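For reference, the structure is listed below as structure tokens.
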Amino acid sequence: MTRRLTPAERLASAEKDLLLEDIADQSSWDRFLVEQAVFHYGTRHDEWSANCLRDVLPELAHGFLGAVINSLRVAGLIEHTGRVVPSTLGSTHGHRISVWRMSVKGLVIAEQRRARAQQARPVA
């Protein structure tokens, strides 16, 4: 059995091609996509909460959002700002949710991905 990659390892290897068999072995392809989206959103916004992400993700992804945020936090890619805001999701009755930002580790991975993407582009 192969070792599962951490969120940091998956995000750091942007040039890696996932084969269909690898995708099938993942616990959830949807969760992987949400993970990528949350990481991408975080690199473009100084601070954000699940409220912001729910507005840009399809409804299917909402069920994965809390788990993805937690996995990115545990991996050290995002960090809590120390602030909370009321949830805008009606079913939560306005309970408080955390405000997040990218960690230094997350920003380093984002920059490495950006540099690899620029190197991969052919020069015209």
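Since the model is a prediction, treat every value here as computed from it, not as a measurement. Note that these values count all heavy atoms, side chains included, but never hydrogens, waters or copies made by symmetry. Sequence positions, counted from 1, serve as the residue numbers for this chain.
- When all heavy atoms of Asn51 and Leu89 are compared, the pair lying nearest together is OD1-N, 4.5 Å.
- For Arg101, the salt bridge (Lys or Arg N to Asp or Glu O under 4.0 Å) test picks out Glu79, with sequence neighbours left out.
- Residue pairs that meet the salt bridge (Lys or Arg N to Asp or Glu O under 4.0 Å) test with at least one member in residues 36-51, sequence neighbours left out, are Glu47-Arg83.
- By the criterion of side-chain heavy atoms lying less than 4.5 angstrom apart, applied directly or through intervening Ile, Leu, Val, Met, Phe, Trp or Tyr residues, Ile78 is grouped together with Leu107 in one hydrophobic cluster.
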What do the steps show when you test His45 against Cys52 for side-chain contact (heavy atoms from CB on, under 4.5 Å), and what is the final call? CA-CA 10 Å; His45 298 85; Cys52 305; over 6 Å; no

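- Shown here for Ala75 and Lys105, the closest heavy-atom pair between the two residues is O-NZ, 2.9 Å.
- Partners of Ser87 by side-chain hydrogen bond (donor to acceptor under 3.5 Å, both in side chains), not counting sequence neighbours, listed by chain and number: Arg54, Thr92.
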With side-chain contact (heavy atoms from CB on, under 4.5 Å) as the test, would you mind laying out the steps for Leu53 and Ile69 before giving the verdict? CA-CA 10 Å; Leu53 294 162; Ile69 288 172; 4.2 Å; yes

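- In terms of modelled atom types and a separation under 3.5 Å, the side chain of His40 and the main chain of Gln36 share no donor-acceptor contact.
- Listed by chain and residue number, Leu57 satisfy the side chain to side chain contact (heavy atoms under 4.5 Å, CB included) test with Ala37 (two or more places apart in sequence, or in another chain).
- Closest approach of Ser49 and Ser98 over heavy atoms only: CB-O, 3.5 Å.
- With a 4.5 Å cut-off between side-chain heavy atoms of Ile, Leu, Val, Met, Phe, Trp and Tyr, the cluster of Val85 takes in Ile97, Val99.
- Nearest approach of Leu72 to Phe39, heavy atoms of both residues: CD1-N, 4.4 Å.
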Check step by step if side-chain contact (heavy atoms from CB on, under 4.5 Å) holds for Ile109 and Gln112. CA-CA 5 Å; Ile109 289 172; Gln112 290 169 343; 4.2 Å; yes

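- In this structure, Trp100 and Trp48 have tilted ring planes: the angle between them lies in the 30° to 60° band.
- Connection of Val108 to Val38 is not established within any shared hydrophobic cluster, with ILVMFWY side chains joined at heavy-atom distances below 4.5 Å, either directly or through further cluster members.
- The line from CD of Gln119 to CZ of Arg116 is 9.0 Å long, rounded to the nearest 0.5 Å.
- Residues meeting the side chain to side chain contact (heavy atoms under 4.5 Å, CB included) test with Val74, sequence neighbours left out: Asn70.
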